[in-house]
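Notes follow once the structure below has been shown.
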Amino acid sequence: MQTSDIPSLFDSLSIPTNHTTVGLSNLLSSNSQIKSLFIHKRLPDSGWSDLQIQRLLLELSCLDTNCEVCVKTQIAGCSTGFTHRWTGAGEREGRIYAPLVSQRHFGLGHGIGRSGDVMEAQPKAVGSSALLRLTLRLVLDAVRRGAGLNGNIGKGDAMNGPAAFGTLLPVCTGMSMSLVLSGLRDRAASLDAAADNRSGDGIPERNIVLWSRIDQKSCFKAILSAGLKCIVLPTKKNPETDEVSTDLDALQSALEKYGNSILAVLTTTSCFCPRVPDEVDKVAKLILNYNNDIAGAGVAHVINHAYGLQCRQTNKLLNRACTIGRVDAIICSTDKNFLVPVGGALILSPNDKVIESISKNYPGRASASPMVDLFITLLSMGLDGYKSILDERVRLVTLFRENLERVASVFGEKVLHCPRNTISFGITLDNLVKIDDDVNTAVSAMNLNDDEAKKQQSGLNSQITKFGSMLFTRCISGTRIVPRCSTKTISGHKFDGFGSSNDNYPSAYMTAACAVGMGEAEMKEFFVRLEKAWLDYRSTLKKESKKKTNQ
């Protein structure tokens, strides 16, 4: 129904003209908002209502060609004949059986992209295609004006900052990392061949990724899933703090050792304490200098910025990295940064050709569901709403640390001093199982290669990890318990001191995060439960110790 037809149509129903005018003004206002969104492609300052968002989604859904009713309804009413505008004779027509599923997805069943490019428009799904492109523009606006990542750096209007270009992938951060590396591998092969002016048969294959160690399984698995070889670079502990960070000397040595076989260096900016963000600016400059005399693709730089968008301090580091060095791709999780369900990632780059190679590397069509979730959330937040949750996290960080220090003092522990990590915090657990003896001190003084020492440490670690189980049974989630000297083997590679991203971290500890979305009431309740669980655990250990003594 055209807006211009409403007065005459309503008049035929004997609805007073002044009443119609009031209702029409609401409709025109809503239409104006939608028009402004498409023209400016920026987040509205204030968030939209659920009704406004639902209306837009249903209008976009009507632009797609999938049948107006679900399969279940169509089969149940088959005797009435087929009365819908579109008939589909392909193997994939966006048909949905259950009405509830259709409602959940607003009828958007065709997905996004085509077999050649996840960002390519679909002829059957112009509404879904428009939603995807608009969502990308809105999220880029959010990270530029909200999170503080630059679209351009330096003078002029050239888009060359970390948030200059982007693409959306409907998979988790780890799988997105694999797709990014695969896209860079294809691009590197083409650039190297062009620079060498040969077919590429005699050019060394770039199949190595140098990874600055962070003890998070999906990063390591993502490299292997892309069919690449991972060289794990060691980290180093800062002698003046408790931080574990980039070993730039180890990176320089690895660059010189593996040379043209290196596809990329993978760094990380969001990590569990005591690991702190990699010095991505220094890494970017080091890679740029290394590539200066190399023809072809050179070594790429990929940054795992999983939940780093919520930290403006780290975002400034990315801006600097793009200014002074080389950055090819930045991978950001949508769920951790924008409070949507798991299953999507935002890929950023200062280079549009890199984004193109990644988008074209996605096999087949993709689920539109993560994009719909992100689209709804961004419009619901608006720019003011997004900034407010970022500001609230910054406000709570000080309170979080103060409460953690209070708990540490009560139980004879200390808060790890890691000033470059303002999301994840750590508290030592060195005295957690120390009741009547000096077993912790004795084990620390032993040679950990000694079998008896290993046995003692294993016993301590088992008791410490039980504390983590106790926290979870008391409805505390998200904390990590990291004992000393634990090992883990992932896909054949042994990680010593797993959890701390360092072979010989000196303390057992627990981490907890002050992440975006946490409220002050939730934070306070966390510390109440943590302190009570700690007291309960100590009481349990004392009872067990007394029982053993009596035996």
Side-chain angles (χ1 to χ4, degrees), residues 162 177 180-181 184-185 188 204-216 218-224 226 228-241 243-272 274-294 296-306 308 314 317-331 349-350 354 418 420-421 490 493-498 500-505:
M177 198 175 295
V180 167
L181 292 171
L184 289 174
R185 176 178 52 198
E205 180 186 3
R206 293 188 181 272
N207 61 355
I208 290 176
V209 174
L210 305 181
W211 176 49
S212 183
R213 177 181 169 182
I214 172 174
D215 288 351
Q216 207 274 344
S218 63
C219 299
F220 186 65
K221 289 181 177 179
I223 297 169
L224 303 183
L228 299 165
K229 181 179 179 181
C230 180
I231 302 299
V232 182
L233 300 178
T235 56
K236 61 182 181 181
K237 184 183 177 299
N238 190 318
E240 298 178 0
T241 66
E243 296 175 337
V244 170
S245 60
T246 320
D247 189 333
L248 292 173
D249 293 334
L251 172 57
Q252 180 69 59
S253 297
L255 287 170
E256 294 169 358
K257 179 178 179 179
Y258 296 102
N260 290 340
S261 295
I262 303 171
L263 172 66
V265 175
L266 178 57
T267 56
T268 304
T269 56
S270 50
C271 38
F272 298 115
R275 187 70 160 80
V276 296
D278 283 322
E279 297 168 285
V280 292
D281 52 343
K282 294 180 180 178
V283 173
K285 187 173 183 179
L286 192 156
I287 293 173
L288 180 67
N289 292 338
Y290 176 81
N291 286 332
N292 275 343
D293 299 324
I294 299 175
V299 176
H301 182 195
V302 179
I303 300 175
N304 176 10
H305 198 50
T314 310
L317 198 63
L318 294 185
N319 288 334
R320 175 171 167 77
C322 289
T323 302
I324 67 172
R326 174 161 176 171
V327 175
D328 292 81
I330 302 163
I331 304 165
S349 177
V354 168
C418 303
R420 286 186 288 166
N421 193 334
I490 304 173
H493 186 92
K494 181 183 177 184
F495 291 86
D496 291 321
F498 187 81
S500 59
S501 303
N502 186 267
D503 286 351
N504 298 297
Y505 201 73

When you look at [atom1] of [X], are more than 12 heavy atoms from neighbouring residues, nucleotides or ligands closer to it than 6.0 Å?
{"X": "Lys229", "atom1": "NZ", "value": "no"}
{"X": "Glu240", "atom1": "CD", "value": "no"}
{"X": "Lys282", "atom1": "NZ", "value": "no"}

Shortest non-hydrogen contact from [X] to [Y]?
{"X": "Val280", "Y": "Ala321", "answer": "O-CB, 3.7 Å"}
{"X": "Leu288", "Y": "Gly325", "answer": "CD2-CA, 3.8 Å"}
{"X": "Ile208", "Y": "Leu210", "answer": "CG2-CD2, 4.0 Å"}
{"X": "Ala254", "Y": "Ile262", "answer": "O-CD1, 3.8 Å"}

Using 30° and 60° as the class limits, which term best fits the ring planes of His493 and Phe220: parallel, tilted or perpendicular?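 Taking Phe220 first and then His493, their aromatic rings sit tilted (interplane angle of 30° to 60°).
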Determine yes or no for a side-chain-to-main-chain donor-acceptor pair under 3.5 angstrom, with [X] supplying the side chain and [Y] the backbone.
{"X": "Ser501", "Y": "Asp215", "value": "yes"}
{"X": "Arg185", "Y": "Ala226", "value": "yes"}
{"X": "Thr235", "Y": "Arg213", "value": "no"}
{"X": "Ser500", "Y": "Asn502", "value": "yes"}
{"X": "Asp278", "Y": "Thr268", "value": "yes"}
{"X": "His305", "Y": "Ile330", "value": "no"}
{"X": "Tyr290", "Y": "Leu255", "value": "yes"}
{"X": "Ser349", "Y": "Asp328", "value": "yes"}
{"X": "Asn421", "Y": "Val276", "value": "no"}
{"X": "Asn291", "Y": "Val299", "value": "yes"}

Contact check, side chains of Leu318 and Val327, non-hydrogen atoms, under 4.5 Å: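 Side chain of Leu318 against side chain of Val327, heavy atoms only: no contact under 4.5 Å found.
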Results of side chain to side chain contact (heavy atoms under 4.5 Å, CB included) for Ala222 - residues two or more places apart only: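 Partners of Ala222 under the side chain to side chain contact (heavy atoms under 4.5 Å, CB included) test: Met177, Ser178.
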